Structures are given as C-alpha cells and as structure tokens.
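Just so we're clear, the structure is a prediction, and the values are computed from it rather than from any experiment. Just the heavy atoms: all of them, side chains too, but no hydrogens, waters or symmetry mates, feed the values below. In what follows, every chain begins at residue 1, and chains take the letters A, B, ... in the order their sequences are listed.
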Amino acid sequence: MITLVKGFHDILPEESSRWSFVTESARWCLKKYGYREIITPIMEKTELFVRGIGQVTDIVEKEMYTFQDLGGESLSLRPEATAGILRSVVEHSLLRKEPVLKLFTIGPMFRRERPSKGRFRQFFQLNAEALGDDDPFIDAETIACACSILESIGAKGLLVEVNSVGCKTCRNVYRVELKKYLEKHLDGLCQDCQRRLNTNPLRSLDCKAHGCSEIVKSAPLIVDYLDEPCREHFSGVRRGLDLLNISYHLEPRMVRGLDYYSRTAFEIIDTDLGNTKAVGGGGRYDTLLAELGGPEVSGIGFAIGIERLLMGLRDEDERFARNVDIYVAALGEPCRETCHMLVDFLRKNGFTVETRYSSYSLKSHMKQADRVGAQKTIIVGSDELENQSVTVRDMSTRNQAIVPMDDILTFLRGDGD
RNA sequence: GAGGGCGUAGCUCAGUUGGCAGAGCACAGGGUUGUGGCCCCUGAGGCCGUGGGUUCGAGCCCCAUCGCUCUCCCCA
C-alpha cells in the first residue's frame, strides 16, 4: 500500500461538506468587505520567499520544500501566501489600475515541520491582503473582517490580541533597550533565547520557558518606545476597533514569526483548542511591496488556518448531512432502461438524483435511498411499467402515491410547496 | 531537532501465567415473493505493522526496523 506523505492529509467525502461550508462562508464574508479572489501558484521561485519572508526566519531556514527543477532553478512550495500575492500584484501592475487593492486567496501552504495536533505539512489557509492604504481604520476593518469570518462559521471562545511592533526606526531603538535588559538577566534565559539575543531578541518576548517568561514580565515594552507617528497610528487602530465593538486584549509582548511586520500585529486565538493555538493572525507590512519591486505603499493582511477552524466545529450538524432529492429504484431487468432515462430526465429538470444500476432487491434499494438521505424514492417495477406510471414514496412520512409518468414533474414540484 | 504513547477486521478497541483470532459499530444476505430507519438471525471480512530471535508452540517474551500519534520548539 502506498500511503500519504507524512504531515499531509486527505479530506474525505465525510468531511468535505464541512470543509466547503467553511470556505464558502469565508468567501461570502470577504466579498462583503470588498475583497476579490486571486489564485496564485503553489510554487514560486525560492528567491521570492527568501526576500519576502526573510533569510533568517525559521520558515526559510528549515521549513521550506525547496528543490531544483530540471532547468537548474531553485523552486519552493509556498510556506505562506502573502509573498506570492504581492509578487503577482507587482508583476501585473495591479496597483496602477487601482490604488487600493483588496485581495484574498484560499489554498494549500507547505511547511516541513514536525506534525502534531492542528499542525500539518500541507495545510489550507485563507489569506487576505489590503494594499495601498495605511489609515488605521483599515487595520481595524481587517481585524473585524477576520472576526466576522470566524463568527460566521460559528467558532466560539475566540480571543483577539493586538499589539504594535512599531516601524523600523522605533523598533531598532527598542531592540537595543530590550537587549540591554535581557543581558542583565542572561543566566535566567533559556539556551534558545541566549543564542538569539544578538540576532532576534524580540523572540524572547513570547518564549514559553519558565525562566524567560518571568524575566520578560518586567522587560521594557515596545509600546513605550513607539515614535509619534506609530503611537498615533496604534491609537487610531484601537479607536477603530472600539467603534466597531470588537473586543480585544492588548498584548504588548506579542511578536510574530515573520520578519516583515510593522506597526499593527494581531492574533486570534481559539481558547477551546487549548495551548495557545492561533487560528488566525496577521499584521501590517510597510516595506514588503517595495522590496519585491513594487511601489512604496504598505499593506495589511491576515491568515486563517482552515484545519484549525474546523477543529473547533461540532461534528454532528444537520447542515452537513448527506441528502439528495430523489432516489430511483429499478426492480428487475425490464425497468432498467426506463429508470436510466428517468434519472437523466429528473436531473435535467433540476433535481439531485441518485440510483443504483445493477439489480438489487427493493429492500436494498430502500436501504441505499436511506443512506444517501433521499427525500423521496421513485419505485419502478413491472406493475408501474405496465401502467406507464411510477410509485413515489416520501421517505419521512412513508406516504406513497402512484403517479402517471407524464405527470411526474408536476407531482414532484407541487408536493414540495 | 528533543521526549512520551500506540500499531490486532473498513472503524473503535478487547485479548488472562505463551495454548484454535474476539466484541461493538459499519458492510452483505435473510426474517417480509415489491418497501428504509428499530428489532432478531446468518454471513463475509485478519501475513495480529515488518524482519529476525527464544520456544514443542508467540498477538503476547527479546532484538531490530518502519509507520502513526501527541508534547516541547515554532506557528496557521
């Protein structure tokens, strides 16, 4: 038996209705907020991710599926969607036609991590990006949009955490101060934090090791180092959220894994999933577009993990039950041709129809009708064939009627009202 | 990368000091010659993850190996 690639997973028919319920709800929400769908390739030149995400991030250093294609070029499966979307925007000069662009995409991402609960090597993400506007209210709108998607699906126990990580200027000042502070408590830090003190001291802020979290509690906070424009922007974001009645926690120690974030950063955590499992997150980026050869405008975006969202949903929901309008049961060889045509005729008139072609007893036809969730079963046997009629059984009331073949459509339609 | 848990029927799992391979659910047929869900009966379905070792005899003990899963790290 040839099995799945480790960390990949199948979405079986049983789950797929829940799956598309989630993605369709999300599409409808995004549309309300003015986002349009963009579908970009799942593979890009490796260089795009190195430039976009940052060479020294965990993702690029050790989690990418990178390989050389036959032409010798280095390609990578996308570990996240933003870089590819922005590449496409720049390549097709979309921002010249439209100075403010709102785009979303839904598709698989790939990271070669150790799989665990809610973490896969191939996972689906919904990704939304609003480009060309740095007004704080659009940050608030973006967070509201993410919340609205999650609420529309019925996710419970959500917590929105917001922070500002400042711009390059103020973050540099802060980094120096933070580093000074951490150096004073060097002995208490875990090995990881000691190692990255010079490369990325901000990472220590959300280190879960006991020693580190204690030390970090009284560390200087980035909010106290924001320069005037960043401070003003951040308070504008909070004002925007207040006006929309979005409840949120200020999380002054939140930093995010991707290097490109500036100013607004946020995460949405599903507390039901336990252990700080983020179901979504995002933030603003000031320089990413320019770095990819685009105009000097900023953007803000977020990602939602579809699998994690699904984990929070209850299994038994009637919305996801299997059902068809009509099951057609043919009894015996002479009826097969009539039923074959009848099934086709009903489908062409807008009904969802199921049948089985090989000969079965009526009993097993009925079981099958039950299994596929048929509202009605049409039975065609020798009696019916002789009279040019069919028997229509309502599966929930068990009422049956003999209907002339010619009247079948009017009967089925009239009965439905 | 570090550390736990688990591999027996399609699924969830029992399996006694080593002695014929089990249950529930699901599936198929019947009880009802043309009627589903509930009930009853019957049936089919197994290289007990794989390879080796100990033994008269291994699902069980030993060694190796592969796979899955969870935790930490990090994230979605």
Side-chain angles (χ1 to χ4, degrees), chain A residues 1-9 12 14 53 57-63 78-82 106-127 146 150 190-193 195-196 200 203-204 206-210 212 254-258 266-270 273-282 301-312 327 329-332 335 359-385 390-400 402:
Chain A
M1 185 170 47
I2 299 169
T3 57
L4 274 166
V5 177
K6 187 190 186 76
F8 286 53
H9 62 285
L12 303 175
E14 218 166 61
I53 299 168
T57 53
D58 280 3
I59 291 180
V60 169
E61 273 182 340
K62 49 189 190 192
E63 295 177 0
R78 62 184 180 189
E80 58 102 47
T82 305
I106 299 176
M109 307 297 153
F110 305 85
R111 292 183 200 171
R112 200 182 182 290
E113 295 176 272
R114 189 95 166 206
S116 65
K117 191 184 181 78
R119 175 163 65 235
F120 307 97
R121 290 185 172 180
Q122 174 185 279
F123 57 99
F124 279 77
Q125 256 188 9
L126 175 162
N127 215 266
L150 298 169
C190 71
Q191 289 198 332
D192 275 344
C193 286
R195 181 176 50 79
R196 59 198 172 197
N200 199 350
R203 279 249 138 269
S204 300
D206 61 6
C207 182
K208 307 292 188 298
H210 299 302
C212 301
M254 176 179 60
V255 291
R256 297 192 37 83
L258 292 88
F266 66 97
E267 273 185 9
I268 302 175
I269 292 163
D270 189 333
L273 298 183
N275 243 1
T276 64
K277 275 282 159 63
V279 68
F302 66 88
I304 288 177
I306 304 289
E307 287 89 350
R308 286 189 184 176
L309 195 48
L310 241 16
M311 283 197 302
Y327 180 89
L331 299 181
C335 309
S359 57
Y360 289 93
S361 67
L362 181 55
K363 181 170 178 164
S364 63
H365 271 306
M366 295 302 289
K367 282 183 107 161
Q368 179 65 6
D370 198 44
R371 182 162 30 221
V372 300
Q375 310 283 305
K376 291 185 168 62
T377 297
I378 293 180
I379 301 163
V380 184
S382 46
D383 298 352
E384 287 85 354
L385 208 57
V390 297
T391 297
V392 181
R393 179 183 178 87
D394 185 301
M395 294 301 278
S396 49
T397 67
R398 314 181 79 159
N399 292 334
Q400 289 192 180
I402 294 172

Checklist entry - rC70(B) phosphate, OP1 or OP2: any side-chain N/O from Ser116(A) under 4.0 angstrom? => result no
Next on the checklist: With rounding to the closest Å, how many angstrom separate the C1' atoms on rC68(B) and rG31(B)?
Outcome noted: 43 Å
Item to check | Phe120(A) side chain, from C-beta outward: closest of rA76(B), rU71(B), rG31(B) | outcome: rA76(B)
Checklist entry - Just how far, in rounded Å, is C1' of rU33(B) from CG of Asp383(A)? => result 12 Å
Next on the checklist: Can you identify which nucleotide, out of rC74(B), rA76(B), rG30(B), has its nearest atom closest to the Glu63(A) side chain?
Outcome noted: rC74(B)
Next on the checklist: Over all strands shown, is Ile379(A) touching base, sugar-phosphate only, or nothing at heavy-atom distances under 4.0 angstrom?
Outcome noted: base
Item to check | Rounded distance in Å - NE2 (His365(A)) to P (rA28(B)) | outcome: 13 Å
Item to check | Between CZ on residue Arg393(A) and CD1 on residue Ile378(A), distance to nearest 0.5 Å | outcome: 13.5 Å
Item to check | Selection from rG30(B), rC70(B), rG36(B) that lies nearest to any side-chain heavy atom of Ser361(A) | outcome: rG30(B)
Next on the checklist: Between C1' on rC74(B) and CD on Glu80(A), what's the gap in Å once rounded to a whole number?
Outcome noted: 15 Å
Next on the checklist: What's the closest nucleotide to the side chain of Glu113(A) if the choices are rG34(B), rU35(B), rC74(B)?
Outcome noted: rC74(B)
Next on the checklist: With nearest nucleotide decided by heavy atoms, which residue, Lys6(A) or Glu384(A), maps closer to the 5′ end of RNA chain B?
Outcome noted: Glu384(A)
Checklist entry - Picking from rA76(B), rG31(B), rA28(B), which would you name as closest to the side chain of Arg371(A)? => result rA28(B)
Next on the checklist: Under 4.0 Å, counting only non-hydrogen atoms across every strand here, what does Ser382(A) touch: a base, just sugar-phosphate, or nothing?
Outcome noted: base
Checklist entry - Quantified in whole Å, what is the P atom distance between nucleotide rU71(B) and nucleotide rC60(B)? => result 30 Å
Item to check | Nearest-angstrom distance from the residue atom CE of Met366(A) to P of rC38(B) | outcome: 14 Å
Checklist entry - Could you state the interatomic distance from CZ (Phe8(A)) to CZ (Phe123(A)), rounded to the nearest 0.5 Å? => result 10.5 Å
Checklist entry - If the P atom of rU54(B) is compared with that of rG59(B), how far apart are they to the nearest Å? => result 16 Å
Item to check | Between rC61(B) and rC70(B) - P atom distance, rounded Å | outcome: 26 Å
Checklist outcome for this item: Regarding the side chain of Phe123(A), the nearest nucleotide among rA76(B), rU35(B), rG29(B) is rA76(B)
Next on the checklist: If I take atom CG from residue Asn127(A) and atom CD from residue Glu80(A), how far apart are they, to the nearest 0.5 angstrom?
Outcome noted: 7.0 Å
Checklist entry - Between atom NZ in Lys367(A) and atom C1' in rC38(B), what is the gap in whole Å? => result 12 Å
Item to check | Separation between CG of Leu4(A) and CZ of Arg121(A), rounded to the nearest 0.5 Å | outcome: 12.5 Å
Item to check | Dot-bracket line, read 5' to 3' along RNA chain B, where crossing pairs take [ ] and | marks a partner on another strand, Watson-Crick or G-U under 3.5 Å | outcome: (((((((..((((.....[..)))).(((((.......))))).....(((((..]....))))))))))))....
Item to check | Separation of atom CZ in Phe8(A) from atom P in rG67(B), rounded to whole Å | outcome: 15 Å
Checklist entry - Which distance, rounded to the nearest 0.5 Å, do you find between the CD of Glu63(A) and the CD of Glu113(A)? => result 4.0 Å
Item to check | Interatomic distance at C1', rG1(B) relative to rA64(B), whole Å | outcome: 23 Å
Checklist entry - Would Thr391(A) and Glu384(A) count as having a side-chain donor-acceptor pair, cut-off 3.5 Å? => result yes
Checklist entry - What is the distance, rounded to the nearest whole Å, between atom CG of Asp370(A) and atom C1' of rC38(B)? => result 12 Å
Checklist entry - Do the side chains of Pro108(A) and Arg78(A) get nearer than 4.5 Å, heavy atoms only? => result yes
Item to check | Whole-angstrom distance between rG22(B) and rC62(B), as gauged at atom C1' | outcome: 26 Å
Checklist entry - When we call it a touch if two heavy atoms are under 4.0 Å apart, what does Gln400(A) touch: a base, just sugar-phosphate, or nothing? => result base
Checklist entry - Where the side chain of Leu362(A) is defined as all heavy atoms beyond and including C-beta, which of rG34(B), rG31(B), rA76(B) is the nearest nucleotide? => result rG34(B)
Item to check | Distance-only donor-acceptor test (3.5 Å): side chain Arg398(A), base rG37(B) | outcome: yes
Checklist entry - Going from OH on Tyr360(A) to CG on Leu331(A), what distance comes out if it is rounded to the nearest 0.5 angstrom? => result 13.5 Å
Item to check | rA9(B) and rA23(B), which share atom name P, separated by this distance in whole Å | outcome: 14 Å
Item to check | Rounded distance (Å) that lies between atom P of rU35(B) and atom CE of Met395(A) | outcome: 13 Å
Item to check | Matching residue for Val279(A) among Leu310(A), Ile269(A), Leu150(A) - test: side chain to side chain contact (heavy atoms under 4.5 Å, CB included) | outcome: Leu150(A)
Item to check | Integer angstrom distance from the C1' of rC38(B) to that of rA44(B) | outcome: 24 Å
Checklist outcome for this item: Of rU35(B), rG36(B), rU71(B), the nucleotide closest to the side chain of Arg114(A) is rU71(B)
